[in-house]
S.K.: 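Sharing a structure below in structure tokens format, with a few things to ask.
Note that the structure is a prediction, hence the values are computed from the model and not measured.
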Amino acid sequence: VQLQASGGGLVQAGDSLRLSCAASGRTFGNSYMRWSGWFRQAPGKEREFVAARKWSGSSLYADSVRGRFTISTDNAKNTMYLQMNSLKPEDTAVYYCAVGPSVIQSNVASQSAYAYWGQGTLVTVSS
């Protein structure tokens, strides 16, 4: 599985941004990609869970982004998205998409559950 993340950039607080993650090698719904996730790593901090989505539609979010971010997939394009609204300076980070055959609902927030990662895309939110 190869993942290509894109869509990052420099925005102002309150703006919106949509990240994309194009997958190749497997398709969403396949055993390797029943769950897909987004993580982020801010400067000087540990990588943290942002959101995850099951191919059938269930979604989970970190408390810090719930209500502002939306994870989705376009199965026809084999692409996952992270729509980010009302961005805050504390959302500044490198964002990574990830999938893996071992991801289940109980471990979606755990980095170790994901076997395949995109290269990351930088989001910078200025105040």
Side-chain angles (χ1 to χ4, degrees):
V1 179
Q2 292 80 44
L3 302 174
Q4 181 71 39
S6 62
L10 173 63
V11 297
Q12 293 185 332
D15 284 351
S16 298
L17 203 60
R18 189 179 77 162
L19 306 182
S20 300
C21 179
S24 60
R26 301 277 181 172
T27 57
F28 288 107
N30 175 275
S31 61
Y32 275 59
M33 294 171 57
R34 288 201 178 97
W35 280 91
S36 54
W38 287 95
F39 289 75
R40 66 186 182 186
Q41 186 166 18
K45 294 187 177 181
E46 298 286 321
R47 190 176 300 185
E48 65 176 5
F49 170 75
V50 175
R53 178 180 174 85
K54 191 174 183 180
W55 72 276
S56 58
S58 302
S59 299
L60 296 170
Y61 296 92
D63 290 343
S64 59
V65 306
R66 187 176 296 112
R68 299 187 298 122
F69 290 12
T70 302
I71 186 172
S72 62
T73 57
D74 184 331
N75 293 339
K77 296 182 178 180
N78 214 34
T79 299
M80 58 190 285
Y81 303 97
L82 185 68
Q83 176 67 44
M84 305 184 294
N85 298 330
S86 303
L87 282 161
K88 304 175 181 180
E90 51 264 43
D91 294 319
T92 295
V94 177
Y95 285 72
Y96 299 90
C97 53
V99 298
S102 300
V103 182
I104 57 177
Q105 186 161 341
S106 61
N107 67 12
V108 291
S110 174
Q111 298 180 55
S112 61
Y114 295 81
Y116 304 97
W117 292 80
Q119 84 285 6
T121 184
L122 176 63
V123 174
T124 304
V125 184
S126 63
S127 57

S.K.: What closest approach, in Å, do Val99 and Ser36 show between heavy atoms, and which atom pair accounts for it?
M.R.: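 Shortest heavy-atom separation between Val99 and Ser36 comes out as CG1-CB, 3.7 Å.
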S.K.: Quick one: does Glu46's side chain get under 4.5 Å of Gln41's, heavy atoms only?
M.R.: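 Side chain of Glu46 against side chain of Gln41, heavy atoms only: no contact under 4.5 Å found.
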S.K.: Would you please say whether a donor-acceptor pair under 3.5 Å links the side chains of Gln2 and Ser24?
M.R.: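 Yes.
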S.K.: Considering non-hydrogen atoms only, spot the tightest contact between Ala23 and Leu3 and give its length.
M.R.: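 That closest heavy-atom pairing would be CB-CD2, 3.7 Å.
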S.K.: Do you reckon Val1 sits in the same ILVMFWY cluster as Met80, going by side-chain contacts under 4.5 Å, direct or chained?
M.R.: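 Both belong to a single hydrophobic cluster.
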S.K.: Are Tyr81 and Trp35 connected in a single hydrophobic cluster, I mean Ile/Leu/Val/Met/Phe/Trp/Tyr linked by side-chain heavy atoms less than 4.5 Å apart?
M.R.: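 No, separate clusters.
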S.K.: Closer than 4.0 angstrom, basic N to acidic O: yes or no for Asp91 and Lys88?
M.R.: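 No, this pair does not count.
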S.K.: Answer yes if the ring centres of Tyr96 and Phe39 are under 6.0 angstrom apart, and no otherwise.
M.R.: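 No, they do not, as the ring centres are separated by 6.0 Å or more.
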S.K.: Would Tyr116 and Met33 count as a side chain to side chain contact (heavy atoms under 4.5 Å, CB included) if you check the C-alpha gap in whole Å, the side-chain angles of each, and the deciding distance to 0.1 Å?
M.R.: CA-CA 10 Å; Tyr116 304 97; Met33 294 171 57; over 6 Å; no
S.K.: Quick check: do Val125 and Asp15 have side-chain heavy atoms less than 4.5 Å from each other?
M.R.: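 No. Closest side-chain heavy atoms not under 4.5 Å.
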S.K.: Looking only at heavy atoms, which two atoms of Ala51 and Tyr61 are closest? And how far apart?
M.R.: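 It is CB-CD2, 3.6 Å.
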S.K.: One pair to check against side chain to side chain contact (heavy atoms under 4.5 Å, CB included): Leu60 and Lys54. What are the steps and the verdict?
M.R.: CA-CA 9 Å; Leu60 296 170; Lys54 191 174 183 180; over 6 Å; no
S.K.: So does Glu90 have more than 12 non-hydrogen atoms from other groups sitting under 6.0 Å from CD?
M.R.: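 Yes - once you tally the heavy atoms of other residues, nucleotides and ligands closer than 6.0 Å, there are more than 12.
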S.K.: Assess whether atom CD of Gln105 is packed by more than 12 heavy atoms of other residues, nucleotides or ligands within 6.0 Å.
M.R.: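 No, not enclosed.
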S.K.: Roughly how far, to the nearest 0.5 Å, is CD of Gln4 from OG1 of Thr121?
M.R.: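 Answer rounded to 0.5 Å: 9.0 Å.
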S.K.: State whether the side chain of Ser110 and the backbone N or O of Asn107 hold a donor-acceptor pair below 3.5 Å, judged by distance alone.
M.R.: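 No; zero donor-acceptor contacts below 3.5 Å.
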S.K.: Measure across Ala52 and Tyr114 and return the closest heavy-atom pair with its distance rounded to 0.1 Å.
M.R.: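 Closest approach of Ala52 to Tyr114, heavy atoms only: CB-OH, 3.8 Å.
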S.K.: Any idea which heavy atoms bring Gly9 and Leu17 closest together, and the distance?
M.R.: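 Scanning both residues completely, I find the closest heavy atoms to be N-CD2, 3.9 Å.
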S.K.: Starting from the C-alpha separation in whole Å, work towards a yes-or-no answer on side chain to side chain contact (heavy atoms under 4.5 Å, CB included) for Trp55 and Thr27.
M.R.: CA-CA 10 Å; Trp55 72 276; Thr27 57; over 6 Å; no
S.K.: Thr79 and side chain to side chain contact (heavy atoms under 4.5 Å, CB included): which partner among Ser72, Ser20, Cys21?
M.R.: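 So the option named by the test is Ser20.
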S.K.: When you group the ILVMFWY residues by side-chain heavy-atom contacts below 4.5 Å and let the links chain together, are Val94 and Leu19 in the same group?
M.R.: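 No, it is not one cluster - the side chains of Leu19 and Val94 are not joined through contacts under 4.5 Å.
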S.K.: Verify, without hydrogens or angle tests, whether Arg53 (side chain) and Ser59 (backbone) share a donor-acceptor contact under 3.5 angstrom.
M.R.: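 Not a single qualifying donor-acceptor pair exists.
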S.K.: For the ring pair Trp38 and Phe69, is the centre-to-centre distance below 6.0 Å?
M.R.: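 No - the distance between ring centres of Trp38 and Phe69 does not fall below the 6.0 Å cut-off.
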S.K.: For Ser127, is there any backbone N or O sitting under 3.5 Å from a side-chain donor or acceptor partner on Gln12?
M.R.: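 No, the answer is negative, given that no donor and acceptor are paired below the 3.5 Å cut-off.
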S.K.: Can Val123 and Met84 be said to form a side chain to side chain contact (heavy atoms under 4.5 Å, CB included), step by step?
M.R.: CA-CA 10 Å; Val123 174; Met84 305 184 294; 3.8 Å; yes
S.K.: Answer yes if the side chains of Arg40 and Tyr95 hold a donor-acceptor pair under 3.5 Å, and no otherwise.
M.R.: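 Tyr95 and Arg40 do have a side-chain donor-acceptor pair below 3.5 Å.
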S.K.: Consider only side-chain N and O atoms of Ser16 and Asn85, and report whether a donor and an acceptor are under 3.5 Å apart.
M.R.: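 Present: a donor and an acceptor within the cut-off.
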S.K.: Indicate the atoms forming the closest heavy-atom contact of Asn75 with Phe28, along with that distance.
M.R.: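 Heavy-atom minimum between the residues: OD1-CB, 3.5 Å.
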